[in-house]
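Written below as structure tokens is the structure these notes are about.
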Amino acid sequence: MRIVIKVGTSTLAHTNGLLNIRRVENLCKVLSDLKNAGNDIILVTSGAIGMGCGKLQLKEKPKDVATKQAAAAVGQCELMYVYDKLFSEYNHNVAQLLLTGSDFEDYTRHTNFMNTMDRLLELSALPIINENDTVATDEIKVGDNDTLSALVAVSVNADLLVLLSDIDGLFTADPHKNADARLINVISEIDENVKKLAGGEGSSLGTGGMVTKLRAAEICTADTCDMIIANGQNPFLLYDIIEGKAVGTRFLKRMVKR
Ligand code: GLU
């Protein structure tokens with residue numbers, strides 16, 4: 001299988017922005033194992049801004065663009081340092097790709113991206129993607145990594161996109177407020193009722209929320225890629241997902257892969 005896994009800041013970092021070492025170690029271990037088993041693994045990672053804030057000891061997520069971009073520049077180094085170190089332990093070579101929205105809109109840049117991805121996967125490297133936050137201003141950015149990971153999944157013709165988040169999936173009501181809220185296992189159509197279930201909130205350090213996750217699901221499922229929202233607290237869940245067990249919320253693709 002070709003799988004894109006997107007990991008959010010809330011999975012990678014503690015609330016103060018510093019690395020959640022146990023979580024990241026487990027994630028890299030599972031992804032290395034899935035790669036050893038013959039799957040193509042592509043990681044889309046958030047956490048640059050959050051980790052930069054931690055390293056720079058900023059008390060909260062900055063509001064101005066320049067400080068956000070500065071934090072991203074600091075945090076991205078830290079992120080790749082950690083991934084390189086951990087994946088190296090399992091003999092996997094990581095590759096960093098920083099993209100913005102215009103890289104998907106411009107034909108030449110998009111083709112270059114796809115050619116590079118093909119070659120990296122042929123060379124058995126593990127592509128690690130984030131938005132190029134230091135240059136991405138409002139006009140050209142994708143804006144959130146849920147959407148970015150869906151654009152990546154469609155570009156590389158992935159079989160599955162997994163969004164690892166701080167929630168088990170999509171619920172019938174807000175599980176923080178309603179004890180009767182029930183996890184929805186499968187969604188075959190993203191209609192108005194499903195959209196109404198998505199609240200707007202994300203974590204204090206990340207960018208996404210359920211709204212961006214549904215947008216990602218729309219992009220994937222309109223193509224040939226299923227998408228799953230699952231809880232990133234336990235990266236070992238990825239084994240169950242690959243085995244086809246019911247984990248989190250699965251959005252079913254519309255088109256049949258040729
Ligand atoms: N690119 C941002 C970062 O690395 C994250 C965006 C997101 O969380 O969706 O901090």
Side-chain angles (χ1 to χ4, degrees), residues 4-20 23-24 27-28 42-84 94-104 113 127-153 161-167 198-220 227-233:
V4 177
I5 293 107
K6 180 259 171 177
V7 59
T9 306
S10 57
T11 299
L12 293 170
H14 295 287
T15 44
N16 60 7
L18 295 179
L19 190 71
N20 187 326
R23 190 83 56 72
V24 177
L27 177 70
C28 293
I42 295 147
L43 182 61
V44 176
T45 185
S46 300
I49 298 176
M51 232 162 265
C53 291
K55 269 203 121 178
L56 295 168
Q57 299 186 4
L58 307 179
K59 293 276 175 292
E60 55 187 32
K61 187 175 173 182
K63 295 192 175 56
D64 67 297
V65 176
T67 315
K68 268 191 213 166
Q69 292 180 326
V74 171
Q76 183 65 27
C77 295
E78 170 82 354
L79 260 184
M80 286 313 293
Y81 167 74
V82 170
Y83 285 130
D84 195 14
V94 298
Q96 172 183 261
L97 294 95
L98 297 176
L99 303 169
T100 62
S102 47
D103 296 322
F104 292 92
F113 163 62
I128 301 185
I129 300 173
N130 195 358
E131 180 130 37
N132 194 355
D133 292 316
T134 53
V135 297
T137 47
D138 279 345
E139 307 78 56
I140 58 161
K141 71 180 178 186
V142 177
D144 68 88
N145 278 1
D146 295 328
T147 310
L148 176 64
S149 61
L151 295 173
V152 168
L161 168 64
V162 182
L163 302 183
L164 291 178
S165 185
D166 55 0
I167 189 153
E201 284 165 42
S203 70
S204 61
L205 291 165
T207 308
M210 209 38 92
V211 175
T212 55
K213 289 181 179 45
L214 283 194
R215 195 186 307 140
E218 283 181 315
I219 295 170
C220 282
M227 189 190 100
I228 293 178
I229 301 172
N231 201 321
Q233 266 179 28

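All values below come from the heavy atoms of this structure, side chains included, with hydrogens, waters and symmetry mates left out. Both ligands and their constituent atoms are indexed starting at 1 by order of listing. In this chain, residues are counted from 1 in sequence order.
Contact annotation: the side chain of Ile128 approaches that of Met80 to within less than 4.5 Å [non-hydrogen atoms, C-beta and beyond]. Under the 4.5 Å side-chain criterion, counting only non-hydrogen atoms from C-beta, Asn20 is not in contact with Thr11.
Here's the thing with Thr45: none of its N/O atoms is less than 3.5 angstrom from an N/O atom of ligand 1. Between Ser46 and ligand 1, at least one N/O pair is under 3.5 Å apart. For a threshold of 3.5 Å applied to N or O pairs, the pair formed by Ala48 and ligand 1 contains at least one separation below that value. For ligand 1, the polar-atom distance check finds no N/O of Gly143 at less than 3.5 Å from any of the ligand's N/O atoms.
Residue nearest to atom 9 (O) of ligand 1, selected from Asn145, Thr147, Val142: Asn145 (by heavy-atom distance).
Taking Lys141 as the reference, Asp138 meet the salt bridge (charged side-chain N to carboxylate O under 4.0 Å, His left out) condition, with sequence neighbours excluded.
Across Ser10 and Arg23, no two heavy atoms sit closer than the pair O-NH1, 3.7 Å.
No heavy atom of Gly8 sits closer than 4.0 Å to any atom of ligand 1.
Heavy-atom proximity to Asp133, at under 4.0 Å, picks out these atoms of ligand 1: 1 (N), 2 (C), 3 (C), 4 (O). Close contacts between ligand 1 and Asp144 involve ligand atoms 9 (O) [criterion: under 4.0 Å to a heavy atom].
Between the side chains of Asp133 and Gln76, no donor-acceptor pair is found at a separation under 3.5 Å.
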